Amino acid sequence: MDDKVKTAETSSGHVKVVENATCTFCGCVCDDMVLTVDLDQKKITKAKNACVLGRAWFAEHVHEDNVPPALLDGQPVSVEAAIEEAARILVEARFPITYGLSDTTCEAQREAVAITDMIRGNLDTTTSVCHGPSGLAFQGIGESTMTLGEVKNRADLVIYWGGNPAESHPRHFTRYAVTPKGMFTPNGKKDRYVVLVDVRRTPSAPVADLFLQVKPGHDFELAWALRALVRGRRLDPGIEEATGIPLATLTDLAARMKSCRYGVLFFGMGLTMTRGRHFNSGAVLALATDLNEYTHFVAKPVRGHGNVTGADNVVSWQTGFPFGVNFSRGFPRFNPGEFTTVDTLSRGDADAALIVASDPAANFPKAAIEHLGRIPVISLDAKETATSRLARVAFRTATYGISVAGTVYRMDDVPITLRTAFESKLPSDEDILTALRTRIKALLLARGQAAKSRSAATRTAA
Amino acid sequence: MSLRLQLRTRPEVPVEADALAPDRLQGLKTPEVESLPLIHGNENCVVGDFFAADGECNGELHLEGDLSRIKHLGSGMKSGTLHIHGDAGAHLGVGMSGGQVIVDGNAGDWVGPEMSGGRICVKGNAGHMVGAAYRGSPMGMTGGEIIIGGCARNELGHGMRNGLIAVGGDSGDFTGVNMLAGTIIVLGRLGLRPGASMKRGTIVTLHDSELLPTFSYACCFRPPFLGLYLLHLRQLDLAVADAHISGRYARWCGDSIELNRGEILLYKT
Ligand code: SF4
């Protein structure tokens with residue numbers, strides 16, 4: 001048994017303590033959890049070190065023995081029968097799309113990529129609706145990157161732009177970027193200057209030494225003004241009217257950025273999902289690039305879902321592109337706007353969908369959801385969702401990080417291994433997707449052979 | 001005699017029709033045309049599965065029906081005329097180097113990406129990325145003309161290196177972003193942040209526009225070249241008034257983050 005897992009009989013029953021467990025709720029992927037698991041009731045009673053979100057995440061998972069693992073048109077069926085139907089749908093489709101992937105393990109993501117490649121489908125992840133624009137900007141501008149450990153040990157200027165980590169990633173401040181004491185930041189917060197750029201004062205603001213309230217929708221202009229100042233260009237004082245921030249404040253900040261020892265820009269969805277999208281992230285990345293002429297500066301998106309970074313990594317290493325990849329012609333092509341899921345659904349291009357661990361039927365635009373209702377959908381999720389309710393084939397799978405082990409990536413592209421708290425009778429996403437891939441392969445082989453013998457027959461007849 | 005292809009079956013999923021360019025169909029008999037390959041989603045099909053062919057191509061190809069789901073029409077064409085009597089799908093005239101494409105209706109995203117010559121005239125509206133660079137590529141169109149009668153959406157002329165793009169209506173955000181050279185003339189209004197990161201090149205609009213802080217005012221003048229361009233556009237049926245041809249334009253230089261050799265001309269009187 002893993003020496004990090006201890007089981008003990010206590011007066012209240014059979015209890016297990018899992019040390020160094022990992023929380024997969026947000027992109028921080030904290031791997032210092034100490035979970036106390038009640039093995040009789042199969043639930044986590046205590047999650048030491050977790051933040052409020054993490055505690056809620058661990059508390060809400062109780063073992064569900066009675067849920068059927070597979071539904072076909074809402075009726076319970078065997079997993080095999082559901083796999084058979086799912087494989088048939090995907091093999092027969094002309095423009096099948098795969099979407100989701102951010103809340104599952106890298107091992108399952110890999111299977112989903114293989115399936116999409118085999119069926120010549122269209123592959124996209126939830127990145128396309130959160131930091132997809134940053135993915136585009138990385139390609140256009142490049143990324144000056146780091147790990148969060150480096151930030152903890154070295155960063156003396158930390159800028160958060162368009163995000164509210166106090167509420168979305170509660171331990172980002174305390175574990176990585178603001179208060180922890182590091183090798184070259186022995187006094188923690190005292191050794192750092194923290195800047196927050198946002199359109200309104202959020203609960204993250206008290207942490208900041210400088211809060212810049214940018215006019216809504218003018219982040220690009222602000223980043224552009226900072227770039228100009230860093231490059232020593234003259235700016236008109238009218239910039240205050242355009243961005244909401246006085247020229248003197250910007251000049252000071254630009255000087256501080258150039259003179260810091262190690263600066264970091266963390267940017268969030270306030271930047272990527274407002275008008276300008278990939279150009280907003282691109283402007284911030286370019287600002288970091290410019291600053292490297294003077295000092296060491298890095299930029300990193302603050303990623304949301306547990307393993308969305310893993311999805312980017314897995315899809316990139318297998319196809320060469322992070323999201324919005326199309327295999328219709330047998331080789332990967334990348335074109336966000338054409339091959340991203342909101343577009344393939346809203347335009348009515350897709351004729352079947354495999355949705356893994358995400359709920360587009362709840363949060364996509366109306367036209368996309370309507371199209372999703374018209375085509376056969378196969379869904380894999382650890383809970384019942386709007387998507388699983390409209391799916392023709394719905395698999396119920398075990399939760400990653402709680403009942404499924406595997407690998408997830410933290411937002412700084414560091415892979416982290418998961419430890420399970422308790423077993424589940426439900427299959428994992430990986431189990432289902434592997435079985436589906438095997439069945440699809442067999443069907444495609446049979447189809448290839450049938451086509452071959454058909455053409456041989458035509459030749460003989462001729 | 002020209003070749004007519006009539007769409008008889010509307011495709012269920014997008015079709016990629018790289019084969020449908022007049023120079024590629026030159027001299028082919030109807031059955032040969034109908035057996036040319038198309039890609040319907042992930043399936044290999046032939047032209048005859050969707051189109052009925054009539055006539056023989058002598059450099060003129062007419063496509064009829066709603067082609068908004070047919071992508072890559074006129075891709076890589078070098079000569080001849082492709083006339084689309086209806087709407088056209090995405091990637092129209094991708095990488096073309098000569099000849100002419102006429103669209104009577106609207107066109108999808110990516111009209112004439114990375115084209116190097118020839119002319120595309122869209123009578124209706126066009127989508128995003130007209131004359132743009134593909135993602136990951138540094139350079140958009142390097143020559144030729146794209147004339148859009150209606151409006152165009154975002155990133156018009158992204159990374160454009162040479163040539164002319166004219167829009168009769170408004171353009172979207174980031175018109176001429178990362179532009180390296182060339183001319184963009186928008187008779188309507190420019191969207192937000194025109195010319196961001198432009199190195200050289202000219203963007204003209206007949207209206208006022210809010211510019212980025214990295215653009216600076218230079219002067220107000222009568223650009224002699226512009227009269228010639230506008231006369232040319234008037235011949236191509238864009239609504240250009242005499243006052244625009246002889247008018248004065250405010251010249252703004254930018255983008256100072258880059259070379260500062262680009263210009264945005266705003267019509268004054
Ligand atoms: S910060 Fe995120 S990963 Fe860490 S405990 Fe909280 S919710 Fe979990």
Side-chain angles (χ1 to χ4, degrees), chain A residues 93-96 119-122 135-136 139-141 217-218 220-222 224-236 238-239 241-243 247 250 275-279 282-283 286-287 290 320-321 324 326-330 333-338 343-344 347-352, chain B residues 10-16 18 37-45 68-69 71-72 89-91 94 108-110 113 127-129 132-138 153-155 158-159 172-174 177-178 191-193 195-197 210-217 253-258 260:
Chain A
R94 290 197 181 100
F95 201 105
I119 56 174
R120 293 190 171 198
N122 194 90
L136 263 180
Q139 194 191 26
I141 312 272
H218 287 73
F220 183 84
E221 281 74 11
L222 180 61
W224 226 237
L226 282 169
R227 279 193 74 192
L229 291 169
V230 165
R231 289 190 164 211
R233 306 286 190 269
R234 211 175 45 80
L235 274 191
D236 192 88
I239 190 73
E241 205 191 312
T243 61
L247 182 57
L250 292 179
R275 199 161 164 185
R277 289 168 177 249
H278 51 290
F279 291 112
L287 176 60
D290 291 349
F321 306 107
N326 180 278
F327 289 100
S328 291
R329 287 192 164 186
R333 287 181 298 169
F334 171 65
N335 200 10
E338 184 178 9
D343 306 279
T344 51
R347 272 198 306 261
D349 291 349
D351 65 349
Chain B
R10 191 179 144 78
E12 286 160 32
V13 298
V15 166
E16 296 186 12
D18 304 48
L38 291 185
I39 296 181
H40 182 217
N42 55 12
E43 236 179 15
N44 296 326
C45 297
S68 54
R69 272 217 159 147
K71 304 182 191 177
H72 296 263
H91 306 276
V94 37
D109 297 339
W110 304 95
H128 301 292
M129 315 294 302
Y134 273 121
R135 301 292 179 200
S137 134
R153 299 179 72 188
N154 297 349
E155 295 183 53
H158 179 147
D173 295 351
F174 290 95
V177 62
N178 295 342
L192 290 182
R193 300 154 190 165
S197 273
E210 195 184 317
L211 302 183
L212 285 171
T214 45
F215 279 77
S216 50
Y217 176 70
C253 304
D255 186 333
S256 71
I257 285 179
E258 297 293 342
N260 208 27

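Every chain is numbered from 1, with letters handed out A, B, ... down the list of sequences. Bear in mind the structure is a predicted one, so any value in this text is a computation, not a measurement.
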Original post:
chain A: which of B:Lys71, B:His128, B:Glu210 shares the most heavy-atom pairs with it under 4.5 Å?
Top reply: B:Lys71
Subject >> Donor-acceptor pair, side chain of A:Arg233 and main chain of B:Ser256, under 3.5 angstrom >> reply: yes
Original post:
Under a 4.5 Å heavy-atom cut-off, does chain A meet the side chain of B:Ser197, its backbone, both or neither?
Top reply: both
**OP:** Please work out whether the ring planes of B:Phe174 and A:Phe220 are parallel, tilted or perpendicular, with thresholds of 30° and 60°.
**Re:** perpendicular
Subject >> Inter-residue atom distance A:Arg94.CZ - B:Glu12.CD, 0.5 Å rounding >> reply: 5.0 Å
Subject >> Contacts of B:Glu258 that satisfy side chain to side chain donor-acceptor pair (under 3.5 Å) - sequence neighbours left out >> reply: none
Original post:
For atom CZ of A:Arg231, is the number of surrounding heavy atoms from other residues, nucleotides or ligands below 6.0 Å larger than 12?
Top reply: yes
Original post:
Is a salt bridge present between B:Glu43 and A:Arg120, judged by a nitrogen-to-oxygen distance below 4.0 Å?
Top reply: no
**OP:** Compare every heavy atom of A:Trp224 with every heavy atom of B:Ile257, then report the nearest pair and how far apart it is.
**Re:** CD1-O, 3.5 Å
Original post:
Looking only at heavy atoms, which two atoms of B:Val13 and A:Asp349 are closest? And how far apart?
Top reply: CG1-O, 3.2 Å
Subject >> Heavy-atom closest pair, residues A:Gly276 and B:Arg193 >> reply: CA-NH1, 3.7 Å
**OP:** Considering only NZ, NE, NH1 and NH2 on the basic side and carboxylate oxygens on the acidic side, decide whether B:Glu16 and A:Arg333 come within less than 4.0 Å.
**Re:** yes
**OP:** Verify, without hydrogens or angle tests, whether B:Asp109 (side chain) and A:Glu338 (backbone) share a donor-acceptor contact under 3.5 angstrom.
**Re:** no
**OP:** Check A:Ala228 against B:Thr214 and note the closest heavy-atom contact, atom names and distance.
**Re:** CB-CG2, 3.7 Å
Subject >> Contacting region of A:Ala242 [heavy-atom separation from chain B under 4.5 Å] >> reply: neither
Subject >> Most contacts with chain B, counted as non-hydrogen pairs under 4.5 angstrom, among A:Asn335, A:Val230, A:Asp236 >> reply: A:Asn335
Original post:
Are A:Arg329 and B:Asp18 within salt-bridge range, i.e. N to O under 4.0 Å?
Top reply: yes
**OP:** May I ask you to test the B:Arg69-A:Arg347 pair for a side-chain heavy-atom distance under 4.5 Å?
**Re:** no
Original post:
Between A:Phe95 and B:Pro14, which heavy-atom pair has the shortest distance, and what is it?
Top reply: CD1-CD, 3.8 Å
Subject >> Which of B:Pro11, B:Pro138, B:Gly191, B:Gly136 touches chain A most, by non-hydrogen pairs under 4.5 Å >> reply: B:Gly136
Original post:
Any side-chain heavy-atom pair from A:Phe279 and B:Glu155 closer than 4.5 angstrom?
Top reply: yes
**OP:** Against chain A, label B:Asp255 side chain, backbone, both or neither, depending on which of its atoms sit under 4.5 Å from a heavy atom there.
**Re:** side chain
Subject >> Shortest non-hydrogen contact between A:Ala93 and B:Asn42, atoms and distance >> reply: O-ND2, 3.4 Å
